[in-house]
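Lettering of chains follows the sequences in order, A, B, ..., and the numbering in each one begins at 1. Keep in mind that the numbers below use all heavy atoms, side chains included, and drop hydrogens, waters and symmetry copies.
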Amino acid sequence: MICLLAASFIVWGCEKEELGDLNTKILDLGGEEIAPTETDIWLYNNFVKTYNMEVKYKWDQFELALNRTLVPVYEDKVIPIMNTIKETWIVPYEKVAGAAFIKKLSPKKFVLVGSPQYNNGTITLGEAEGGRKIVMYRLNWFTRTDASLIRAIMKTVHHEFGHTMHQTIMYPEEYMYITPAAYTSSWNNVSDMEAMKLGFISSYATASPDEDFVEMLSRIVVYGKEAFDQRVAEATSIYNNPSLNAGMTYDPGAALRQKEAILVSYLKQVWGVDLYDPSPGVKGLVTLVQEAISDISSN
Amino acid sequence: MLGFFAVSCEKESIELFDKSPDERLTEKTTVYYNILQEAPNGWLLTIETKVDGVYRLWVKFKPSNRVDMLCDMDATWNTAEATSTEVKESSYRVKAMQYPSLIFDTYNYIHLMADPQGTNSQYGNINGGVNGTGLSSDFEFALGEYSEGRIELKGRYNGVTAFLERATAAEETAIKEGALKTAHTKLNQYLTGMKYPVVEIKGKKVDVTIGNRSTQFSYLLDDNLIVSKYSSYPDLSAFTQGMASSNINFVLPITVNGAEFSDLKFDNQGYYLSDGTGNKYIYDNKKPSVPLRFGYGLDYTQMTIDDTQMEGTLKDPFLTNVFLAARSGLKTNGSRHMQYANIDFQLHPTSGEPVMVLVIRYNNTAGTNYNATWRYKYRTEENGDITFYEREQTGSSNERGREPYLRPLVDYFCKLTYSVYSSSSWANTVISSITPVTFKVDWGENNTPGSSASIGALIPVNDQENICFGILSK
């Protein structure tokens with residue numbers, strides 16, 4: 001029957017009329033004419049033309065969860081936000097890995113949202129779809145001088161970009177076997193302290209090896225090496241304290257160091273990226289990002 | 001199936017329209033762009049949120065997808081922005097979706113109501129609404145037809161009802177001077193003088209609570225309390241017609257006790273509506289028109305009798321013969337000072353029966369405060385009257401020692417005489433007679449300047465002038 005149908009279709013289909021004018025613009029696919037604003041022009045020059053990245057800041061419900069109450073971003077925050085993203089993400093990577101690196105791997109679309117996205121009891125600050133699109137929330141709170149908010153926003157960007165890297169070329173399999181038993185789908189019930197005692201940089205890192213890997217990358221980059229070293233030291237001291245280490249079977253500080261070592265060598269060998277300063281006077285990714293955050297927030 | 005395809009191919013191509021769907025959609029959006037921009041004084045945008053009634057904005061659609069905005073939010077919410085006085089620009093577009101749609105696509109005042117950051121101190125008190133959904137408002141609308149200066153809108157996400165009305169030059173002038181907010185201020189000022197607004201609709205007294213964003217009507221129908229709340233807003237007539245306050249408009253015509261109307265008009269005599277039998281003015285009834293439900297488990301359970309807070313409200317003979325007489329009596333007992341009395345309907349601690357508890361608060365010369373407490377058993381009569389038919393002291397030396405001096409007030413609710421009165425033990429006291437007292441319960445008039453308290457009245461049925469007024473609480 002299917003064959004029959006197909007046959008009849010082909011036989012009779014050839015009598016179809018010619019198509020109309022194929023150059024007619026289709027609404028929603030460039031057919032709408034919206035006058036560009038200064039913001040649009042800035043974004044075109046700094047993101048579309050340079051990196052082939054689209055930044056959607058004007059409201060489009062279809063880019064977002066259809067069952068959540070969300071609102072658009074303040075227009076006058078768009079350039080400061082995107083400039084911050086450029087300075088604390090794109091530029092540092094360009095410096096350590098060359099101009100082509102970001103162009104090759106970057107997400108193709110940023111979607112900006114003014115409010116947080118409310119879940120049951122938590123809020124979402126950012127999420128990504130397969131490395132192609134990054135949605136960032138709560139941007140109406142953005143002020144250049146708020147370094148902790150900048151870090152919260154940038155953690156999302158670096159996190160999602162980390163996914164793009166490992167989805168392009170996978171990190172070594174041995175990473176998954178450092179703390180294999182601790183991964184859990186109910187990561188939101190794991191406290192930060194529990195996560196630390198299990199050898200993780202954050203609660204969310206316990207969700208899966210992939211999340212673990214990109215949480216390591218984004219948190220070390222955004223919060224700095226010192227904060228990471230402190231966490232390692234605290235994890236080890238808990239393991240060595242008989243009154244606190246009940247049930248612990250391995251040194252979580254050592255686990256964090258193993259993960260860090262794989263991350264460092266992966267970035268260097270696969271992408272040519274120095275996470276830390278490779279030699280005195282030469283800045284690695286962490287230093288560059290830390291300096292950029294402090295430059296922006298102190299201006 | 002074969003036949004279907006064969007026939008279908010022989011069909012003639014019929015052009016139902018002379019243009020392609022895309023061309024027609026583009027035309028439609030162009031028509032709307034023109035209508036929106038060709039209002040020289042902008043538009044009044046009225047939105048009925050799902051959570052908090054009506055919010056109004058002034059929007060001026062400009063070329064190149066730009067829009068100016070003002071909003072009345074700062075009339076009722078301490079927002080971070082001067083929404084009614086600082087014109088703010090953002091972007092908008094008309095888009096062909098399932099319907100031609102109007103989208104305010106970057107943040108401006110209209111998004112304050114829709115913002116999910118309701119009252120969370122950590123994430124922002126944007127609008128006082130629900131965290132996660134805000135006031136359940138909209139900023140994307142399906143556009144209805146344009147007719148007589150008006151376009152109906154339907155919210156695309158929350159489905160709110162909204163409409164655009166072309167503003168007049170006089171309205172724009174007033175709005176630029178802050179009228180979106182001051183329309184509310186004028187309304188509130190007018191209403192401060194009116195404690196219990198009531199209107200008679202088809203002969204029935206109806207309580208009217210005119211709010212900034214909604215108006216409530218309540219009345220008794222066959223002993224059932226009918227309460228209905230409708231989204232409403234003050235328009236700009238106070239400014240364009242030079243009145244003390246503005247007309248109140250309802251989003252849709254409403255029906256109250258069988259009368260349909262769509263606004264409360266304002267003139268020099270005040271607010272009025274038409275119930276079909278002429279203009280009915282809203283007047284101050286001095287007290288609510290629906291009965292007071294006062295007693296255990298009812299709307300109000302407590303009443304405080306305090307002359308310092310009820311000047312002009314407490315009246316003779318009760319004030320002098322009962323309240324002040326008890327105070328003078330206690331003064332003769334070591335110069336103790338009676339401050340106030342409180343009536344509270346609650347459960348008896350041992351029997352579990354509802355009782356009325358009378359607490360008299362007093363202090364000694366050193367300034368130390370004490371309570372003397374009595375419990376009154378009561379029954380509710382068929383007509384709703386309350387009879388206090390027995391009373392007891394609660395066992396402390398305060399009431400044993402003070403009762404002989406406070407009798408005018410203690411006996412007011414239920415009178416006892418004793419053949420033996422023990423100042424050391426209630427159990428050793430022998431009661432010789434009990435005179436129950438029956439009270440009618442009603443609202444009282446609050447005649448105290450500056451007080452907005454709800455006043456209750458206990459009216460002895462056999463001594464109807466001797467009324468005990470008190471400040472009601474829940």
Side-chain angles (χ1 to χ4, degrees), chain A residues 1-2 4-17 20-21 24-29 31-37 39-40 56-62 64 66-78 112-121 123 137-141, chain B residues 1-10 12-13 20-26 29-30 63-66 88-97 103-108 110-118 120 122-124 126 129-140 156-158:
Chain A
M1 189 60 187
I2 290 164
L4 213 58
L5 271 175
S8 69
F9 176 74
I10 290 162
V11 168
W12 294 100
C14 61
E15 286 184 20
K16 268 191 183 168
E17 281 182 29
D21 180 10
T24 310
K25 282 190 171 177
I26 297 169
L27 285 170
D28 243 8
L29 292 172
E32 268 182 309
E33 281 178 22
I34 303 276
T37 60
T39 302
D40 294 328
K56 273 188 115 164
Y57 67 95
K58 288 181 182 162
W59 180 255
D60 184 352
Q61 178 79 60
F62 300 107
L64 304 164
L66 294 173
N67 59 347
R68 297 296 163 82
T69 300
L70 298 164
V71 288
V73 67
Y74 278 109
E75 217 171 4
D76 61 5
K77 294 201 184 272
V78 173
L112 312 188
V113 178
S115 64
Q117 175 168 285
Y118 283 73
N119 313 306
N120 289 330
I123 58 167
Y137 302 94
R138 204 170 65 138
L139 294 177
N140 283 347
W141 284 68
Chain B
M1 282 313 274
L2 256 173
F4 173 75
F5 279 101
V7 173
S8 73
C9 263
E10 286 179 22
E12 293 270 317
S13 161
S20 77
D22 275 339
E23 281 170 327
R24 283 182 289 122
L25 282 170
T26 307
T29 55
T30 306
S64 303
N65 302 91
R66 307 302 294 169
K88 201 161 180 164
E89 195 192 59
S90 60
S91 58
Y92 79 100
R93 68 183 191 271
V94 176
K95 189 172 176 178
M97 300 166 91
I103 304 170
F104 295 96
D105 57 8
T106 53
Y107 207 89
N108 204 327
I110 193 172
H111 301 90
L112 292 172
M113 288 78 83
D115 200 306
Q117 301 168 98
N120 189 315
Q122 196 182 348
Y123 305 131
I126 301 286
V130 181
N131 285 321
T133 50
L135 299 178
S136 295
S137 190
D138 274 304
F139 52 90
E140 284 188 278
R156 288 181 49 88
Y157 185 76
N158 282 309

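- Note that CZ of R68(A) is 8.5 Å distant from OH of Y157(B), once rounded to the nearest 0.5 Å.
- Within the 4.5 Å cutoff, the side chain of I103(B) has no heavy atoms near those of the Q61(A) side chain.
- Smallest separation of non-hydrogen atoms from S115(A) and D115(B): CB-OD1, 3.8 Å.
- Interface remark: of the candidates Q117(A), K58(A), K77(A), K58(A) forms the most heavy-atom pairs closer than 4.5 Å to chain B.
- Using a 4.5 Å cut-off between heavy atoms, N140(A) touches chain B through its side chain atoms alone.
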| query | salt bridge (charged side-chain N to carboxylate O under 4.0 Å, His left out) between E75(A) and K88(B): does it pass, once the steps are laid out? | reply | CA-CA 11 Å; E75(A) 217 171 4; K88(B) 201 161 180 164; over 6 Å; no
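- Interatomic distance, CG of N158(B) versus OG1 of T69(A), reported as 5.5 Å (0.5 Å rounding).
- Neither the backbone nor the side chain of L112(A) comes within contact range of chain B; no heavy atom of the residue lies under 4.5 Å from a heavy atom of that chain.
- Here the CG atom belonging to D60(A) is positioned 8.0 Å from the CD atom belonging to E140(B), to the nearest 0.5 angstrom.
- The two atoms that bring R156(B) and F62(A) nearest to each other are NH2-CZ, 4.2 Å, heavy atoms only.
- Using a 30° and 60° split on the angle between ring planes, Y107(B) and Y74(A) fall in the tilted class, from 30° to 60°.
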